[in-house]
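Worksheet: the structure to be examined is printed underneath.
Values below: every heavy atom of this structure, side chains too, minus hydrogens, waters and symmetry copies.
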Amino acid sequence: MSKTTSGTALPAGPNDEQQNLPPSQEQTESKLPRTELTLIKKLPQQINEIVEQNARIEHQLKGINKDIKQIGQTWDDKLAESEESIKQIQSQIEQLQTQVTKIGNALDNALANIKSKKKGKKKGKKKNKK
């Protein structure tokens, strides 16, 4: 056995301890077909692209979530405004109904007064003619 500069022993013969060692990555890769080797070499890049794409998707989802919250808040605000507007309209309708009732009563009273005055005049004219 020969020694390296680091002091570890290397096998002297090709058939000695080298056969008992587990196959290194290079030995395993050399046994694979070329297409698989190419695909394996592309894996780290593909993983990085997937991680970056995932980060972009998460960023988009956060933006969409924020938009949904804003839309929900806007909808709640509009609903509250609509309810307030409906209450105001209902109040105005009640006031109009009260005013119409008063006007109706005033007209009824006026017509009753006019009728009673006409009856009084007719009775007076009849008496004068006789």
Side-chain angles (χ1 to χ4, degrees):
M1 285 196 191
S2 63
K3 292 210 174 200
T4 65
T5 55
S6 64
T8 56
L10 293 175
N15 291 334
D16 283 350
E17 295 176 26
Q18 205 168 19
Q19 289 179 348
N20 294 336
L21 294 174
S24 68
Q25 187 176 358
E26 290 177 6
Q27 289 174 339
T28 306
E29 288 178 356
S30 65
K31 293 179 184 177
L32 295 173
R34 214 175 257 279
T35 55
E36 290 180 4
L37 286 174
T38 305
L39 292 173
I40 289 172
K41 288 181 181 179
K42 289 182 180 179
L43 277 176
Q45 179 185 354
Q46 290 174 336
I47 290 171
N48 286 338
E49 289 173 1
I50 290 171
V51 168
E52 289 172 3
Q53 187 178 20
N54 188 34
R56 286 191 302 270
I57 290 170
E58 286 178 354
H59 180 72
Q60 288 175 338
L61 287 173
K62 286 179 183 177
I64 290 170
N65 193 21
K66 188 184 291 185
D67 291 344
I68 289 171
K69 286 180 181 177
Q70 186 176 6
I71 289 169
Q73 182 63 43
T74 302
W75 188 81
D76 289 343
D77 293 346
K78 294 285 183 189
L79 181 63
E81 288 175 16
S82 295
E83 288 175 351
E84 186 62 31
S85 295
I86 289 171
K87 287 178 183 177
Q88 288 176 349
I89 291 170
Q90 287 173 336
S91 174
Q92 290 172 347
I93 288 172
E94 289 173 1
Q95 290 172 356
L96 288 172
Q97 286 174 333
T98 303
Q99 290 175 351
V100 166
T101 303
K102 287 179 182 178
I103 292 170
N105 289 339
L107 284 173
D108 288 343
N109 289 339
L111 288 175
N113 286 338
I114 292 172
K115 285 182 183 179
S116 68
K117 286 182 182 179
K118 281 187 180 180
K119 284 183 183 178
K121 285 183 181 179
K122 284 184 183 179
K123 287 181 182 176
K125 288 183 182 179
K126 286 182 183 176
K127 289 181 182 176
N128 290 340
K129 287 184 180 178
K130 289 184 184 179

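Taking CD1 of Ile89 as the reference point, atom CG of Leu96 lies at 11.5 Å (rounded to 0.5 Å). Taking OG of Ser85 as the reference point, atom CD of Glu81 lies at 7.0 Å (rounded to 0.5 Å). For the atom pair CG of Asn65 and CG of Leu61, the computed distance is 8.5 Å after rounding to the nearest 0.5 Å. In this structure, CG on Leu79 lies 12.5 Å from OG1 on Thr74, to the nearest 0.5 angstrom. Ile71 contributes atom CD1, which lies 13.5 Å from atom NZ of Lys66 (distance to the nearest 0.5 angstrom). Rounding to the nearest 0.5 Å places CG of Asn113 at 6.0 Å from NZ of Lys117.
For Ser91 (side chain) and Lys87 (main-chain N/O), no donor-acceptor pair under 3.5 Å exists by modelled atom type.
Under 3.5 Å, the side chains of Gln73 and Asp77 contain a donor-acceptor pair of N or O atoms.
No more than 12 heavy atoms of other residues, nucleotides or ligands shown are found within 6.0 angstrom of CD on Gln70.
When each of Glu49, Lys42, Lys41 is checked for a side-chain hydrogen bond (donor to acceptor under 3.5 Å, both in side chains) with Gln45, only Glu49 meets the rule.
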